> 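Just dropping this structure here.
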2 protein chains.
Amino acid sequence: MKKKVSLKDIAQEAGVSVALVSYVLTNKEEKARVGQEMAKKIRKIARKLNYQPNHIARSLKSGRSDTIGLIVADISNPFFGHVARTIEDEAKKNNYTVIVGSSDENMDKSGDLINVLLNRQVDGLIVIPTEGSEAQIRQLQERNVPFVLIDRFFPGIATSSISINNFAASHDAVSHLIHSGRKRIGMIAYKTNMHHIAERRRGYSEALTDNDLPTAGLLKLARYSHIKEDIRTAIDQLMGAKKPADALFFATNSLAIEGLRYIIELGIKVPEQLAVVSFDESEAFDLFHAPVTFIRQPILEMGKAAVRVLLEHIRDGERPAEEVCIDTELVIRRSSAAQ
Amino acid sequence: MKKKVSLKDIAQEAGVSVALVSYVLTNKEEKARVGQEMAKKIRKIARKLNYQPNHIARSLKSGRSDTIGLIVADISNPFFGHVARTIEDEAKKNNYTVIVGSSDENMDKSGDLINVLLNRQVDGLIVIPTEGSEAQIRQLQERNVPFVLIDRFFPGIATSSISINNFAASHDAVSHLIHSGRKRIGMIAYKTNMHHIAERRRGYSEALTDNDLPTAGLLKLARYSHIKEDIRTAIDQLMGAKKPADALFFATNSLAIEGLRYIIELGIKVPEQLAVVSFDESEAFDLFHAPVTFIRQPILEMGKAAVRVLLEHIRDGERPAEEVCIDTELVIRRSSAAQ
DNA sequence: CTTGCTTACTTAATCGTTTAAGCATATATT
DNA sequence: AATATATGCTTAAACGATTAAGTAAGCAAG
């Protein structure tokens, strides 16, 4: 790579000191009482040589990198991709750059990522935390690193977070299924202790018991690492029971997509035989023969909030934690039509 | 943010010079002839204080940032998300970090991104170039910035690139439609001069003429900025003609998904009335009532190749351009079944 | 004519790390 | 005994930018 033009090069060409050039190019001429002539000359040379400030040197001096680190579960998953995109855009508006990393829901990778990002001197972190990463989050707190959790948080740790009302959203979605006449409503969720998923499960269960509907054997859990097999087993059990399920609620879009693949394979009719509702959005839901009813997360709003709160923490290290909870929207379509 | 532990802090605590600490912690004790006792002591203190090297300071000294910049069209699009993911993983294996930016197929944004990334001293770039960005690419060449184009390239500029055989893939896909008995095969592509799309169009056209099939009025173009309207118009024209199309080939997955939404809306039967094939993969294709035949791009291989070639350029600035072309796979499913 | 104030610059320290070169002291070689 | 070599450390410069503090010259005021 061709060596870049530095202040020194400009200073040399102008026959002045590096400091003077710096004052001019950072628009501190007034304060530093630089002569008009000289200022003009320096700017001209800078333009001629196409000077671009070395961000790394600046960072070293200033202690800020104007970079924020983002840790998602998997950037290739459209949900996280969208989150990343809104954060990227919002960060750019504030002159920040984003470094993203995928944790694969794996706490070791997550810990590594946090270290890599902090060593690169990011000014703050936006994290979609992984199961078992409480200790990492606590460490961030102790080290006084500005950070915001998004999509998920740990109820036992008081941190800034952006989340949605998982319980209510779930409760609403399941209530909707009940109102459309479903009696045996199954749910497929991840086998995890993460609070957001637990809340979704709780919303589901409470909606059922609130309406005196059975819950026994209707909640199935799939392992993140064995989605395909576990979902097939779950659906086999739900649909093969003496009283088969007449509705199915998926806790995330990846679960839904995998589930719908199998539902297609089995030739199950939606919504006649089985109503379907999913958390999260997906293009795939539009192409299913019965467009899938889903819970829409306000990703744009979440991303904006995350950046806003993070920047507040970066600017004021003493700021107390801020928990933002944003409402979702149940988008009702044919997959959950009344029988 | 709590001030980080520096070499100075360790040096102070150990009562030695900063240099000595540096030698030890970068494992140059042999070369620098550091006493065993002292080395042990320094390491112990470093561990106790949880020393983490300041990557920025290191970069300033070394001139390398161990960071690569990646410019995609839109990280929230699963195709680019996958590309980004494989590059992220591959980069990490080589101790590189990735900064991603989305250009939105907009050459101004692309230019801005290139500048931002270069100012952040990335060691090299992986770029999915945008229409009209030839000048930017030429500049990278002139400035001798290590970079690789991926997914697309400019035939007029000799650069390193990773691409697929768009012409052949398209030709194969359309030939497949012809063999399955289709006679009026439409194509919907982007209105762009980008070479990869032009090649896809060419593969389509040649497959038709090779088989003495009509081409007139069957190739429709949609603007990136007006996908929805343009696709609807295109499909209306194709299906409303005196002799309606009996097959449709989409040049990308976003075009296909938007097209399929409208096909569903119109109640067109696939594959009976209309066969469908698309470039690229998508989860959504699995959920369509007739799983969509598609051209699978070897994204993993592409990402690996991109990182490999880029690192070669970074390591050897004189290395000549390397053009990698990888084969695709036509995955045949029900959407293109014989009539 | 000396003091003080402007103006227009330069010097030098700093951020955290790396690394060549230097300097004692101890030990080995002739 | 004089010289060479090994050992264990320190000094200092450098990367590129920022910025407080210093200086030199010109001019005005007392």
Side-chain angles (χ1 to χ4, degrees), chain A residues 1-43 45-46 49-67 118-123, chain B residues 1-43 45-46 49-67 118-123:
Chain A
M1 188 137 43
K2 212 172 279 182
K3 225 188 101 284
K4 292 194 62 175
V5 177
S6 71
L7 291 186
K8 203 171 158 188
D9 300 318
I10 299 176
Q12 229 143 45
E13 177 133 357
V16 296
S17 72
V18 169
L20 201 65
V21 179
S22 172
Y23 283 125
V24 172
L25 297 183
T26 50
N27 300 309
K28 293 197 186 60
E29 343 165 29
E30 315 275 290
K31 206 179 143 211
R33 301 167 313 197
V34 182
Q36 299 231 340
E37 298 281 280
M38 189 48 88
K40 213 174 280 176
K41 182 175 173 189
I42 287 173
R43 262 188 253 277
I45 296 175
L49 301 184
N50 185 32
Y51 170 73
Q52 301 289 135
N54 182 325
H55 196 272
I56 292 210
R58 243 180 210 177
S59 290
L60 181 58
K61 188 80 222 310
S62 67
R64 300 175 308 110
S65 62
D66 296 314
T67 301
L118 291 181
N119 291 352
R120 302 219 166 210
Q121 314 299 122
V122 296
D123 295 336
Chain B
M1 189 139 43
K2 211 171 279 184
K3 226 190 98 282
K4 293 194 63 176
V5 177
S6 72
L7 291 185
K8 204 170 158 188
D9 299 319
I10 299 176
Q12 228 142 46
E13 176 133 359
V16 296
S17 71
V18 169
L20 200 66
V21 179
S22 172
Y23 284 124
V24 171
L25 297 183
T26 50
N27 299 309
K28 295 198 185 57
E29 343 164 30
E30 315 274 289
K31 205 178 144 213
R33 300 164 316 196
V34 181
Q36 300 232 339
E37 297 281 282
M38 189 48 86
K40 213 174 279 178
K41 181 174 173 191
I42 287 172
R43 263 187 251 277
I45 295 176
L49 299 183
N50 185 31
Y51 169 74
Q52 301 288 134
N54 181 325
H55 197 272
I56 292 212
R58 241 178 212 180
S59 290
L60 181 58
K61 190 83 226 306
S62 67
R64 300 174 311 110
S65 63
D66 296 315
T67 302
L118 291 182
N119 291 352
R120 304 222 164 208
Q121 315 299 120
V122 297
D123 295 336

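Computed from a predicted structure; not experimentally measured. Below, read A as the first sequence line, B as the second, and so on, with proteins coming before strands; counting in each chain starts at 1. All heavy atoms count here, side chains included; hydrogens, waters and symmetry mates do not.
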> Would you check if there is a donor-acceptor pair between the side chains of B:S59 and A:R120 at a distance under 3.5 Å?
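Per modelled atom types, A:R120 and B:S59 side chains form no pair under 3.5 Å.
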> Under 4.0 angstrom, heavy atoms only, what part of the nucleic acid is A:V18 near: base, sugar-phosphate, or nothing?
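The answer is base, as A:V18 lies within the cut-off (heavy atoms under 4.0 Å) of a base atom.
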> Does B:S17 make a side-chain N or O approach to OP1 or OP2 of D:dT10 shorter than 4.0 Å?
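Yes, within the criterion.
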> Please work out if B:R33 contacts a base, only the sugar-phosphate, or nothing of the nucleic acid, heavy-atom cut-off 4.0 Å.
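Base: the residue B:R33, judged by heavy atoms under 4.0 Å, touches a nucleobase.
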> Could you pick out which residue, B:K31 or B:Y51, lies toward the 5' side of DNA chain C when each is mapped onto its nearest nucleotide?
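That would be B:Y51.
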> First locate atom CG of A:N50, then atom CD1 of A:I45, and finally report the distance between them rounded to the nearest 0.5 Å.
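Those atoms lie 14.0 Å apart.
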> Each nucleotide N or O in nucleotides 13-15 of chain D that has a protein N or O under 3.5 Å away: list the pair and distance.
| from | atom 1 | to | atom 2 | distance (Å) |
| --- | --- | --- | --- | --- |
| D:dC15 | O2 | B:K61 | N | 3.4 |

> Measure the distance from CG on A:L25 to P on D:dT19 and round it to the nearest whole Å.
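These atoms are roughly 13 Å apart.
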> Would you mind reading off the distance between B:K41 atom NZ and D:dG8 atom C1', rounded to a whole angstrom?
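Rounded to the whole Å, the gap is 14 Å.
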> At a heavy-atom distance below 4.0 Å, which nucleotide of DNA chain C is the first touched by chain A, and which is the last?
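Reading along DNA chain C, I get C:dT7 to C:dG16.
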> Toward the 5' end of DNA chain D, which comes first, A:R58 or B:G35, by nearest nucleotide?
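First, find each residue's nearest nucleotide; the 5'-ward one identifies B:G35.
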> When we call it a touch if two heavy atoms are under 4.0 Å apart, what does A:K4 touch: a base, just sugar-phosphate, or nothing?
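No contact.
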> To the nearest Å, give me how far apart NE2 (A:H55) and C1' (D:dT18) are.
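After rounding, the reported distance stands at 14 Å.
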> Is any NZ, NE, NH1 or NH2 atom of the basic residue among B:R43 and B:E29 found under 4.0 Å from an Asp or Glu carboxylate oxygen of the other?
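Salt bridge present between B:R43 and B:E29.
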> Which heavy atom of A:L118 sits nearest to which heavy atom of B:K4, and what is that distance?
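Scanning both residues completely, I find the closest heavy atoms to be O-NZ, 3.7 Å.
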> Could you tell me if the side chain of A:M38 sits less than 4.5 Å from the side chain of A:I42, heavy atoms only?
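A side-chain contact under 4.5 Å exists here.
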> Does any non-hydrogen side-chain atom of B:L25 lie less than 4.5 Å from one of B:I10?
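Side-chain contact under 4.5 Å: yes.
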> Start with the C-alpha gap between B:D123 and B:D66, add the side-chain angles, then the distance that decides, and say whether side chain to side chain contact (heavy atoms under 4.5 Å, CB included) holds.
CA-CA 6 Å; B:D123 295 336; B:D66 296 315; 4.2 Å; yes
> Rounded to the nearest Å, what distance is computed from the CG atom of residue B:N119 to the P atom of nucleotide D:dA17?
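Computing the B:N119:CG to D:dA17:P distance gives 10 Å.
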> Between A:S22 and D:dA17, is there a side-chain N or O to OP1/OP2 distance below 4.0 Å?
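For D:dA17, OP1/OP2 do not have a side-chain N/O of A:S22 under 4.0 Å.
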> With a non-hydrogen cut-off below 4.0 angstrom, is A:S59 in contact with a base, only sugar-phosphate, or nothing?
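Nothing, no heavy atom under 4.0 Å.
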> Distance check needed: D:dG16 C1' versus B:R120 CZ, whole Å only.
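Taking atom C1' of D:dG16 as the reference, CZ of B:R120 is at 16 Å.
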> So which atom in A:L60 and which in B:I56 form the shortest heavy-atom distance, rounded to 0.1 Å?
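Shortest heavy-atom contact: N-CG2, 3.8 Å.
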> Quick one: B:Y23 OH to D:dT7 C1', roughly how many Å, whole number?
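Atom-to-atom, B:Y23 to D:dT7, this comes out as 14 Å.
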> I'd like to check B:L7 versus B:Y51 (side-chain heavy atoms, cut-off strictly below 4.5 Å). Are they in contact?
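Yes, at least one pair of side-chain atoms sits under 4.5 Å.
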> Do B:Q121 and B:R64 have side chains that get closer than 4.5 Å, going by heavy atoms?
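Answer no - side chains too far apart.
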> Tell me: CZ of A:R64 to P of D:dT18, nearest whole Å?
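Going from CZ in A:R64 over to P in D:dT18 covers 11 Å.
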